[in-house]
Amino acid sequence: MSAKSAAAKAHAEPDQEKGAKDTHADGGEAEFGADLLESLKGLRKGMHLPVRSLGIREGETSPPKRYNSGSMILAMENAGQLIEDEELRAQIKGSGIGTSATRAEILKKLVSNEYLALNKKTQILTPTLQGEMIHDVVYCSIRSLLNPELTASWEKGLTYVAEGSITSDEYMEKLENFIRSRTEEVMSLRNQTALRPMFDEAAKYYKNGKAADAENAAGTRRKSTGQGKSRKSSVKGQNK
């Protein structure tokens, strides 16, 4: 079922003497005089705008557009925009996930391994059933791997090595400890039974496990579960 949103529209109190038409909250479109529209252009932060009425309009949201091979490479390059921490965002700015020489090869390998399906005509990328299953496993075990902040933190460590703040041995020790601890956690989870319902849910939208129906199927899943964003971002998180 499609998610529905209510968009509130606030209208300024028009100057009746200048001929601006009134606005009602019954869904009618507003028509304002030129004087009012001109005054709106002069609004600045901190100024107060009188509100006469509020109108609510109901509509359906649309799922995000699919990535194609070009927009995915651009998203990998600008992965830092998804990071809230300013210091980490600055660390990955200009580099992103992978390099200009490797991003296309990363996508090619994901397609070759059948984690992604590529429509040769439209260049649209869609996850395969296997790709969705891998996402679910990682999401339920080492969720940080799906977040570009992890890549940024590793890049930050390399910067410290270059600056001489830490030694390369110290950096490698931290990296090895991270890998060792996360691997031990995953091995101790034993959550195969808990993951099975997630796999079964994903399998409903794939015909015989093929990616032929993936574009429509995954779009249906995003609209029904509200997970469109995380599904797309997961592709980026797996690349590094």
Go through the side-chain N and O atoms of [X] and [Y] and say whether any donor and acceptor fall under 3.5 Å apart.
X: Asn68; Y: Ser71; value: yes
X: Thr128; Y: Glu114; value: no
X: Tyr205; Y: Glu132; value: no

Practice prompt. Could you list all the ring-ring contact (aromatic ring centres under 6.0 Å, His included) pairs where at least one residue sits in residues 71-91, not counting sequence neighbours?
Written response: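 Output for this query is empty, none listed.
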Practice prompt. Give a yes or no on this: more than 12 heavy atoms of other residues, nucleotides or ligands lie within 6.0 Å of atom CD of Glu163.
Written response: yes
Fill in: Sequence neighbours excluded - side-chain hydrogen bond (donor to acceptor under 3.5 Å, both in side chains) pairs with any residue from residues 175-187
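Counting only pairs at least two positions apart or across chains, the side-chain hydrogen bond (donor to acceptor under 3.5 Å, both in side chains) contacts touching residues 175-187 are Asn177-Arg180.
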Side chains of [X] and [Y] in contact at under 4.5 Å (non-hydrogen atoms):
X: Gln123; Y: Leu118; answer: yes
X: Lys109; Y: Ile106; answer: no
X: Ser144; Y: Phe178; answer: yes

Worksheet item: side chain to side chain contact (heavy atoms under 4.5 Å, CB included) with Glu170: which residues, sequence neighbours excluded?
Response: Ile166, Thr167
Worksheet entry | Residues that Asn78 engages under side chain to side chain contact (heavy atoms under 4.5 Å, CB included), provided they are two or more places apart | Leu74, Gln81
Worksheet item: If Ile, Leu, Val, Met, Phe, Trp and Tyr residues are connected whenever their side-chain heavy atoms lie under 4.5 Å apart, and connections chain through other members, are Leu189 and Met133 in the same group?
Response: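 No, because Leu189 and Met133 fall into different hydrophobic clusters, even though each may have its own neighbours under 4.5 Å.
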Worksheet item: Residues two or more places apart in sequence or in another chain: which of them pass side chain to side chain donor-acceptor pair (under 3.5 Å) with Thr102?
Response: Thr99
Worksheet item: Got a sec, which residues hit side chain to side chain donor-acceptor pair (under 3.5 Å) with Thr159, two or more places apart in sequence or on another chain?
Response: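 Gln91.
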Worksheet item: Judged by atom type as modelled, is there a donor-acceptor pair below 3.5 Å linking the side chain of Tyr115 to the main-chain atoms of Leu107?
Response: no
